[in-house]
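Only a predicted model underlies this, so the values are computations on that prediction, with no experimental measurement involved.
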There are 2 protein chains.
Amino acid sequence: MPRWPDDTRTRLVDAALTLFGETGYPSTTIDQIAAHAGVSARTFFRHFGDKEEVLFADDDALLPLLLDTIAGADEARAATAESLMHHALGVLADAIEPSRRELAARQRIIDSDVALAGRELAKQARWQSAVATALVARGFSDDDADVLAAIGFALFRRSLHTWLAANDAVSLRERVARALPRIRTVLDARPAHPASQSVTQMAASKTARIPSDSP
Amino acid sequence: MPRWPDDTRTRLVDAALTLFGETGYPSTTIDQIAAHAGVSARTFFRHFGDKEEVLFADDDALLPLLLDTIAGADEARAATAESLMHHALGVLADAIEPSRRELAARQRIIDSDVALAGRELAKQARWQSAVATALVARGFSDDDADVLAAIGFALFRRSLHTWLAANDAVSLRERVARALPRIRTVLDARPAHPASQSVTQMAASKTARIPSDSP
DNA sequence: CGTGTCATGACAGTTCATGACATCACTCGT
DNA sequence: ACGAGTGATGTCATGAACTGTCATGACACG
């Protein structure tokens, strides 16, 4: 039997999620997390570079799956960019589906803090870049790959968000599949309302102050 | 004459940009910035909530312009989502064009630090959400507005990036205008290469370790 | 049995961030 | 003109987030 339990890292993550959920992210201290996990604060920083990382540590687990799906899709599924996107996002959605409860809790914490939201977005940007590279490896042009990855992630992000928020039985995979065809029609959508008074002017008429540093 | 100069804020921003550029963001301390600007560290925090904010303070200056452009576009320019997007992104591009040099310097600092990149992305997410709201006010459906805003920002972000990186004479407006039509064709693009060995398997063959916590 | 490794604890030190309070020039009402 | 604000600032104190360094004890290996 080892002198120290070998699940220190897991217990730190659990303690952090619990305390963040109870007390809120900013008001939870490293000392509290470490004490809750039965270790010293110094040990926390040996496992995680900073306070945020405890929420993002196991975060890239699904990226290889996504990249593999793109790299390994057969001819039929990779016939066009759209079908490839449909396939890859579907696989990702299926992989995420089981952990809905933990994801929702984690999302609630992340949404509560700007810095955390920023880090989440930075992670997504890293994923997006990796996906674009994988698409280039499949023979798409740099420009196409970039636009495709951006659109795919925008779509998936929105589907994930509504899926986490809603409580109905519609699966994440189905939400993604429904959203995908919209890209084809959205550019030709026509606004229903005419031009309105400008936002700035409305703000100015309310507060009599234009947000500018000119005197 | 006032006892204290009234450009403290500006001098703090200048000092911060200078020192960040020279010493790097993490190794520049608030004390150094404050000293360089001739004030105390406490004063720094009276002007900016935290160390990061000195880089993002005047950041929402162009958002009202973008929202006004969307809200006030005439019938011809708002005929379809695509033409409205073309118009709004063009106006934004023109507004940004003159400050290319400062933007590039700022971008270099932001790219050097994950937390800063995250905050920049969070800001863009805020903009994107505001734009989607403006589009809804124009009569687009929630879903369409969201997808349009996401696509528009992805496009603009990419154009801005290449524009800052390249040194040629192609204007930002022109880059955006060139990228926009691609959305219509990109979904039907066909990958040129067949399925390849999976990324994970390649990584496994190299390191003999699959990134998973299963024993 | 000796030696090295590894996760950890303990302690000190730096930086960021914030609250409490004092200061000093300027402003405004009387 | 004079005294009471007002506002931007400085000084001091405190807490929390990290960081460097050294000591310790169990385990692995020969």
Side-chain angles (χ1 to χ4, degrees), chain A residues 1-20 22-57 109-110 112-119 122 209 213 215, chain B residues 1-20 22-57 109-110 112-119 122 209 213 215:
Chain A
M1 285 304 159
R3 170 76 180 83
W4 290 280
D6 54 353
D7 60 343
T8 304
R9 187 190 179 87
T10 308
R11 279 185 295 115
L12 279 170
V13 172
D14 289 345
L17 283 175
T18 303
L19 294 175
F20 289 164
E22 288 174 358
T23 325
Y25 176 78
S27 26
T28 302
T29 71
I30 305 282
D31 280 319
Q32 291 168 5
I33 300 172
H36 200 281
V39 298
S40 73
R42 192 68 186 86
T43 296
F44 178 94
F45 287 106
R46 289 210 179 84
H47 284 273
F48 308 99
D50 58 33
K51 186 180 175 182
E52 293 176 3
E53 199 183 325
V54 73
L55 283 169
F56 295 90
I109 299 172
I110 288 181
S112 75
D113 189 282
V114 191
L116 295 178
R119 187 144 173 176
R209 243 189 103 248
D213 46 0
Chain B
M1 287 299 159
R3 171 74 179 81
W4 290 282
D6 55 352
D7 59 345
T8 304
R9 187 189 179 88
T10 308
R11 278 184 297 115
L12 280 171
V13 172
D14 290 345
L17 284 175
T18 304
L19 294 176
F20 289 162
E22 288 173 359
T23 323
Y25 176 78
S27 28
T28 302
T29 70
I30 305 282
D31 280 321
Q32 290 168 7
I33 299 173
H36 199 282
V39 297
S40 75
R42 191 70 187 84
T43 296
F44 177 93
F45 286 107
R46 291 213 178 81
H47 285 273
F48 307 100
D50 58 31
K51 188 179 173 182
E52 293 177 4
E53 199 183 324
V54 72
L55 282 169
F56 296 91
I109 299 173
I110 289 181
S112 74
D113 189 280
V114 192
L116 296 178
R119 185 142 175 177
R209 245 189 101 250
D213 47 0

Separation of atom [atom1] in [X] from atom [atom2] in [N], rounded to whole Å:
X: R9(A); N: dA7(C); atom1: CZ; atom2: P; result: 12 Å
X: F45(A); N: dT8(C); atom1: CZ; atom2: C1'; result: 15 Å
X: Y25(B); N: dT15(C); atom1: OH; atom2: C1'; result: 12 Å
X: D50(A); N: dT14(C); atom1: CG; atom2: P; result: 22 Å
X: E52(A); N: dA17(D); atom1: CD; atom2: C1'; result: 11 Å
X: E53(A); N: dT19(D); atom1: CD; atom2: P; result: 11 Å

T8(A) side-chain N/O to dT8(C) phosphate OP1/OP2 under 4.0 Å |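 Yes, within the criterion.
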
Does the side chain of H47(A) get closer than 4.0 angstrom to OP1 or OP2 of dT8(C) through an N or O atom?
-> yes

Check each residue of residues 10-18 of chain A for a non-hydrogen atom within less than 4.0 Å of any atom in DNA chain C, then write out the ones that pass by number, or none.
-> none

Tell me which of R46(A) and K51(A) sits closer to the 5' end of DNA chain D, going by the nucleotide each one is nearest to.
-> K51(A)

Taking only residues two or more places apart in sequence, or in another chain, which ones meet [X] in a side-chain contact (heavy atoms from CB on, under 4.5 Å)?
X: A122(A); answer: L121(B)
X: L19(A); answer: E22(A), T28(A), Q32(A), I33(A), H36(A)
X: H47(B); answer: T8(B), R9(B), L12(B), T43(B)

Residue-level proximity of residues 29-43 of chain A to DNA chain D when a heavy atom falls under 4.0 Å = T29(A), I30(A), R42(A)

Residues in ring-ring contact (aromatic ring centres under 6.0 Å, His included) contact with Y25(A), at least two apart in sequence or another chain = F20(A)

Mind checking ring-ring contact (aromatic ring centres under 6.0 Å, His included) for F48(B) and listing every partner two or more places apart, or none if nothing turns up?
-> F44(B)

Closest approach of A115(B) to E52(B) (non-hydrogen atoms, all atoms of both residues) |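 Where A115(B) meets E52(B) most closely, the heavy atoms are CB-OE2, 3.7 Å.
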
So which pairs with a foot in residues 28-51 of chain A pass salt bridge (charged side-chain N to carboxylate O under 4.0 Å, His left out), sequence neighbours left out?
-> D50(A)-R119(A)

Which is true for T28(B) with a 4.0 Å heavy-atom rule: it touches a base, it touches only sugar-phosphate, or it touches nothing?
->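 The answer is sugar-phosphate, as T28(B) gets under 4.0 Å only of primed atoms, P, OP1 or OP2.
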
Polar side-chain atom of D113(B) near backbone of L116(B) as donor-acceptor pair, under 3.5 Å =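 Side chain of D113(B) to backbone of L116(B): a pair is present.
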
Calculate, to the nearest 0.5 Å, the distance between atoms CD1 and CG belonging to I110(A) and L55(A) respectively.
-> 6.0 Å

